[in-house]
Number of protein chains: 2
Amino acid sequence: MKKLPGKTVERLSEYRRVLLTLISQGKNYIYSHELASLLHITAVQVRRDLMLIGYSSGIRKGYDIRVLVETIGRVIDSETPLNVAIIGMGNLGRAVSSYFRGKRSKLNLVASFDNDQQKTGKVISGVRCYDVREMENMIKELNISIIILTVPPDYARSTCDDAVRFGVKGVLNFTTVSLNVPPTVYLEEYDMVTSIEKVAYFVKESIR
Amino acid sequence: MKKLPGKTVERLSEYRRVLLTLISQGKNYIYSHELASLLHITAVQVRRDLMLIGYSSGIRKGYDIRVLVETIGRVIDSETPLNVAIIGMGNLGRAVSSYFRGKRSKLNLVASFDNDQQKTGKVISGVRCYDVREMENMIKELNISIIILTVPPDYARSTCDDAVRFGVKGVLNFTTVSLNVPPTVYLEEYDMVTSIEKVAYFVKESIR
DNA sequence: TAAACACTGTTATTTTATTAACAATATTTA
DNA sequence: TAAATATTGTTAATAAAATAACAGTGTTTA
């Protein structure tokens, strides 16, 4: 299948998230307009995304939620599970760990790293925490291909460079520092201050 | 000034973030292509964004960083500061607090809320933590117009509804639950699991 | 069972966002 | 100081994303 636009991948992930909660609530079928309204988008958007992944319900009483979840998984999940590590087990690292751990069968959170001796060697928020100096060994040994970077700003660049050198292929950067990676590595950056400022901007504009 | 596209607002916030660190490093001027490369975008993008906010350097040796920061502030910041509260002081709430507190002069983090008696009444990560039952009083008393929602999923909807009822105008939702707000309220949602899945997708596609 | 309806899948259109092109001009160099 | 260069600001072109339109077809209703 042709590589999907990033926006579509994001929405597919969101579809699955709400679909999984609907399953747990005992729902079996869902119309495109229902799914759309749960995510504040249009039904056309939903149908178009599903068209892109080649999914068709055939019937006119909505999509079979289980089948849809499975189809989305076949498209966006890796066939063989990918191993993930969190670097920096401060508040944010621990938050990410508890949000994420065990949620997706094809993404295993296999390790975390920190330089604080109080943390290393222990299991924190469900993940074993290693000393950052063990990064090279563990990335190779555990075949870690994705890191989530939640270290203090001063350590961000060097830690990322190291991880890339040790073979990591994807980086999710939550630090306030903008990183550089070679073109063979996928980098996603998120800055929560930017999100807050965006909210503030539109609030300001609306109450003007 | 006409309302700016959300994407431009995001980039302006990012420009300012890197410009502030550059100032602290003693840099005074910056070319559009330098700023662009720091954020992995093109120089045209930068110049176009600045055009949108009506900023012109006049000279050909880059933008005066201080002036640019000030101009961006005039556009995206509220004239009178906006008050912000974090609801839910778990790991994520505390992380947001330390990322954000004191960073922006026009956004004051004035309170946090939790239902854990161990936390209420104390100052946590630099912010006073109130009992959620005090939300109505405090939102009104402190004139809180923006909330950052970092509560467990089960509390997300009701907490958001309450806050909106008490007068909040902007919501930044970090929970895994998709929310509904009236059209007068601005809602921004971020799901870190989606970001991780996006990274995983592109990693998987690149190593195929 | 026939007509009305509702929903899907897909193409066409519109809108938004990004990139390219380039004239104007400050700055640098010879 | 004159020519060459580099950078900006802006318009034009392109690309990407979202929306609208609608034909086709299960499904429901009378």
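Naming convention: chains lettered A, B, ... in sequence-line order (proteins, then strands); numbering from 1 in each chain.
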Mind calculating the distance between CZ (A:R11) and C1' (D:dA16) to the nearest angstrom?
11 Å
Nearest whole Å is fine: how far is D:dT11 C1' from B:M51 CE?
8 Å
Between A:S56 and C:dG9, is there a contact of a side-chain N or O with OP1 or OP2 at under 4.0 Å?
yes
Strictly by modelled atom types, are A:E188 and A:Y186 linked by a side-chain donor-acceptor pair under 3.5 Å?
yes
Please confirm whether any donor atom in the side chain of B:R48 sits under 3.5 Å from an acceptor in the base of C:dT19, or the reverse.
yes
Please give, in whole Å, the distance from D:dT8 P to B:H33 NE2?
7 Å
Per the side chain to side chain contact (heavy atoms under 4.5 Å, CB included) rule, which among A:L92, A:V177, A:L172, A:T159 passes with A:L149?
A:T159
Could you tell me whether B:T8 contacts a base, only the sugar-phosphate backbone, or nothing, with contacts defined as non-hydrogen atoms closer than 4.0 Å?
nothing
Provide, to the nearest angstrom, the distance between the CG atom belonging to B:L50 and the C1' atom belonging to D:dT10.
13 Å
Spacing between A:K7 atom NZ and C:dT16 atom C1', to the nearest angstrom
10 Å
side-chain N/O B:T42 vs C:dT19 OP1/OP2, d < 4.0 Å:
yes
Check whether any side-chain N or O of A:N108 sits under 3.5 Å from a backbone N or O of A:V110 as a donor-acceptor pair, and report yes or no.
no
Side-chain N or O of A:S32 less than 4.0 angstrom from OP1 or OP2 on C:dT8?
yes
B:S195-B:Y190 side chain donor-acceptor pair, cut-off 3.5 Å:
yes
When you measure from the side chain of A:Y201 to the backbone N and O of B:L4, does any donor-acceptor pair fall under 3.5 Å?
yes
Is the phosphate of D:dT8 approached by B:S57 (side-chain N or O, under 4.0 Å from OP1 or OP2)?
no
B:L68 has an atom CG; how far is it from atom C1' of D:dG9, in whole Å?
15 Å
Using heavy-atom distances to pick each residue's nearest nucleotide on DNA chain D, tell me which of B:Y31 and A:Q45 is more 5'.
B:Y31
Is any side-chain heavy atom of B:L107 closer than 4.5 Å to one of B:F100?
yes
Generate the contact string for nucleotides 21-30 of chain C. Rules: B means base contact, S means sugar-phosphate contact only, - means no protein heavy atom under 4.0 Å.
B--BBSS---
Salt bridge check, B:E70 against B:R66: does any charged N sit closer than 4.0 Å to a carboxylate O?
no
Let me know the distance between CG of A:L35 and C1' of C:dG9, rounded to the nearest Å.
16 Å
Can you see if the side chain of A:Y63 gets near the phosphate of C:dG9 - specifically, an N or O under 4.0 Å from OP1 or OP2?
yes
To the nearest angstrom, how far is A:Y29 atom OH from C:dA6 atom P?
21 Å
